[in-house]
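Each chain gets a letter, A, B and so on, in the order its sequence line appears, and its residues count up from 1.
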Amino acid sequence: MNADQSLLLYNSLSGKKEPFIPLHEGRVGMYVCGPTLYSEPHMGNMRTFINFDFIYRCFLFLGYSVKYVRNITDAGHITNSAGLEVDSIGSAARLEQLQSLEIVYKYNVKFQELQRLYNLLPPNIEPTATGHIQEQIEVIEQIFTNGFAYEANGSVYFDVKAYMQRFPYGTLSGRKVEELEHETRELNAQDEKRFFADFALWKKAQPDDMQIWRSPWGDGNPGWHIECTAMSTKYLGKQFDIHGGGMDLKFPHHEDEIAQNCGSFGCNPARYWMHANMLNVNGQKMSKSLGNFFLPKEIVEGSSPLFSKPYAASVVRFFMLQAHYRSTLDITEEALNASEKGFERLVEATGILQKIIPSDATTWDLEAWKNAAVGAILDDFNAPMLIAQLFEAVRIIHAMNIGNAQMTSEDLTDFTAFFTQLLHEVLGIEFVHQAGNERLEGVMEVMLALRQQARSQQDWATSDMIRDGLAKVGIQIKDSKEGTTWS
RNA sequence: GGUCUCGUGGCCGAGCGGCUAGGCACCGGUCUGCAAAACCGUAUACUCCGGUUCGAAUCCGGACGAGACCUCCA
């Protein structure tokens, strides 16, 4: 890798690509907002996790020692559309007739399955909100001590007005409090907040809450944003390198996290904030409330009404990485099919690569290609550009295969290792080999033998009947010089 | 309504001052009994109108269109 190439990443705080300078040389501390376990994550959620998984893999590839923390929200005080605090996990539990612990456990298991399905590397730590109630209480106490919180009727709120005397509020999302006030609905009469922009740090227990914890302010639940502050501090420190999450968390979640961190420890928790863009369906953000979502499992099983057939998880992952993490991505069957075809070419080329015979000279600029690939990674984790380089490699593999290009044994080994590393380790693309069905294999062997016999006798009627008949049930015959295969 | 982002060829999607992104589809070729598959190759583009510049998809201004956030959301 070139020493003069440095990693650039887009920092949401500045709105610019900046050189990445870690707090501690060679190390990266990264915190990413994970799932809320009140339902199964949908494909849009998965896109964000896939993108940050790719970023994590890039850091590892570049030789950084990474501490990757992704939280699991299993305690649920968030605000619903009516502006009232609602225990969303409790609501889901009632809906499914399960206790909250059961529901959290159930979706946690599902989420772990999805991680394996989509080949997400496990983070170093996956802390849960319920496992860190004490830490959250301690952060709230610190905010209290610093004068940025107040208690009202058993709940605790962050005092944005007091905070704004010492720190700017709204720097990440570019919002001005005066403007926000204009746009926000009136404080309603029962509201305990002193100021519209104040947000809950601790919420007094409601009669129907299923999860309740003790605190100095009475029984209740932690506020939505406080778990990230408490857990990121515990595992990465008061300030660390990167904080990531979906674009839609920018405001208010991440903005309030910054306020909490400044309010308790006097600094922004992260030096670089990274936001992954949304997955769109028909040009619109995939979301629960719009109902235009499907589950990561449905697309693999082919049970989503949006698609006429199943797609392998590795194909879906590949499709997602063909778009940059900061762009919205529209998922359609046509686009997915295009990716699937390209994916198959990549798989084929990998197979051919194993059979290439080295020459005594190399007719290709291997170093330039490697630099271009690394350059794509260094330029704000540009996965689509990296994939384009992979296809450039595919072109060379075929050229070598038909004798139009050569590589020495040494270069071929180097090339193969690098190509494989980019594909499997960096992009995280695995080729799933369909579990063979022995009986079908046997039948196909007979069919192909029959067809071959007919062909050798120039009995085209019979050979075409076999070929076309199989095509009707979705089996494609592929003739080549090496013989006939099917899929 | 406010803030912000974006409009690239048939589709998806990079690039973001001069150099073919890439994938899929299309078309031509090689191969084939004919096909398919595979491989090789050609073509097609930057929403519109102004401006800056020797030069703009790329910078600036405006129009139109789309989306996100402002309320739970990855």
Side-chain angles (χ1 to χ4, degrees), chain A residues 15 32-36 38-39 41-52 76-86 88 170 173-176 179-180 182-185 224 244-253 255 275-280 283-290 293 318-319 322-324 326-346 348-349 352 372 376 379 382-392 394-395 398-399 401-402 404 455 458-460 463-464 467-468 471 476-482 484-487:
Chain A
V32 174
C33 288
T36 302
Y38 62 96
S39 65
H42 63 233
M43 207 62 235
N45 302 319
M46 283 308 289
R47 184 187 175 203
T48 297
F49 302 140
I50 289 171
N51 275 140
F52 281 105
H77 247 293
I78 47 185
T79 310
N80 76 357
S81 56
L84 301 163
E85 293 286 328
V86 150
S88 63
S173 55
R175 273 163 228 275
K176 293 193 169 65
E179 287 169 2
L180 275 174
H182 228 256
E183 300 144 17
T184 311
R185 59 178 66 80
W224 176 30
M247 200 80 110
D248 49 359
L249 293 182
K250 217 169 175 182
F251 186 89
H253 182 57
E255 201 66 75
H275 291 96
N277 218 137
M278 302 291 105
L279 180 68
N280 285 180
Q284 254 192 332
K285 174 184 169 180
M286 177 177 286
S287 78
K288 279 237 159 80
S289 46
L290 284 169
F293 67 93
F318 176 70
F319 166 74
Q322 277 189 299
H324 186 80
R326 278 194 289 120
S327 302
T328 54
L329 170 65
D330 229 282
I331 190 163
T332 61
E333 176 128 54
E334 198 183 356
L336 218 38
N337 278 332
S339 281
E340 189 178 45
K341 288 269 184 70
F343 179 85
E344 279 161 8
R345 278 190 61 212
L346 221 40
E348 301 257 343
I352 295 170
D379 187 8
N382 199 319
M385 247 160 73
L386 178 61
I387 289 173
Q389 288 308 317
L390 245 34
F391 279 106
E392 173 66 12
V394 168
R395 204 175 58 76
H398 289 304
N401 192 220
I402 59 172
N404 284 352
R455 291 181 78 199
Q458 305 204 347
D459 178 3
W460 310 130
S463 78
D464 289 355
R467 182 222 284 161
D468 300 341
Q476 190 185 39
I477 300 291
K478 297 174 184 175
D479 294 321
S480 77
K481 289 199 176 109
E482 288 78 36
T484 302
T485 56
W486 59 275
S487 66

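Of all nucleotides listed (rC40(B), rG67(B), rC12(B)), rC40(B) comes nearest to the side chain of Arg395(A). With distances taken from any side-chain atom of Lys285(A) to the nucleotides rC12(B), rA36(B), rC69(B), the minimum falls on rC69(B). Distance from the side chain of Ala323(A) is smallest to rA14(B) among rA14(B), rC12(B), rA38(B). Residue Arg455(A) places its side chain closer to rG33(B) than to any other of rA74(B), rG33(B), rG67(B). Nearest to the side-chain atoms of Asp464(A) among the listed nucleotides rA36(B), rC12(B), rC34(B) stands rC34(B). The side chain of Met286(A) lies closest to rA74(B), out of rC39(B), rA74(B), rC70(B). Distance from the side chain of Phe251(A) is smallest to rC70(B) among rA14(B), rC70(B), rC24(B).
In this structure, Arg326(A) reaches neither bases nor backbone, as no heavy-atom distance under 4.0 Å exists between it and the strands shown. Heavy atoms of Ala276(A) sit nowhere under 4.0 angstrom from any nucleic acid atom. Among the protein residues, Leu249(A) comes within range of the sugar-phosphate backbone only, with heavy atoms under 4.0 Å from sugar or phosphate atoms but none that close to a base. Heavy atoms of Leu390(A) sit nowhere under 4.0 angstrom from any nucleic acid atom. As judged by a 4.0 angstrom heavy-atom cut-off over every strand, His42(A) is placed among the base-contacting residues. Across all strands, Ser327(A) comes closer than 4.0 Å only to sugar-phosphate atoms, never to a base (heavy-atom distances). Counting non-hydrogen atoms under 4.0 angstrom, Gly283(A) reaches the backbone sugars and phosphates but no base.
Using P as the reference atom, rG23(B) and rG62(B) are 39 Å apart when rounded to the nearest Å. Taking atom C1' in both rU52(B) and rC60(B), one finds a spacing of 7 Å when rounded to whole Å. Taking atom C1' in both rG22(B) and rU8(B), the straight-line distance is 14 Å, to the nearest Å. Here, rA57(B) and rC19(B) have their P atoms 9 Å apart, quoted to the whole Å. When the C1' atom is used for both rC46(B) and rC59(B), the distance is 16 Å, rounded to whole Å. Using atom C1' as the reference point in both rG29(B) and rA37(B), the two lie 16 Å apart (nearest Å).
A distance cut-off of 5.5 Å between ring centres, combined with a plane angle under 30°, leaves Phe391(A) outside any stacking arrangement with the base of rG23(B).
Put simply, Asn51(A) has no side-chain N or O that comes within less than 4.0 Å of OP1 or OP2 on rA74(B). Note on His398(A): a side-chain N or O is less than 4.0 Å away from OP1 or OP2 of rC39(B). Within the structure, a side-chain polar atom (N or O) of Lys341(A) is placed less than 4.0 Å from OP1 or OP2 of rA25(B).
Between the side chain of Arg467(A) and the base of rC34(B), at least one donor-acceptor pair of N or O atoms lies under 3.5 Å. Interface remark: the Arg345(A) side chain does not form any donor-acceptor pair with the rA38(B) base, using a distance-only criterion of under 3.5 Å. Side-chain to base pairing of Asp479(A) with rA35(B): one donor and one acceptor N or O lie within less than 3.5 Å of each other. No N or O donor and acceptor, one from the side chain of Asp379(A) and one from the base of rG15(B), sit under 3.5 Å apart.
Nearest-nucleotide mapping onto RNA chain B: of Gln389(A) and Thr332(A), the residue sitting toward the 5' end is Thr332(A).
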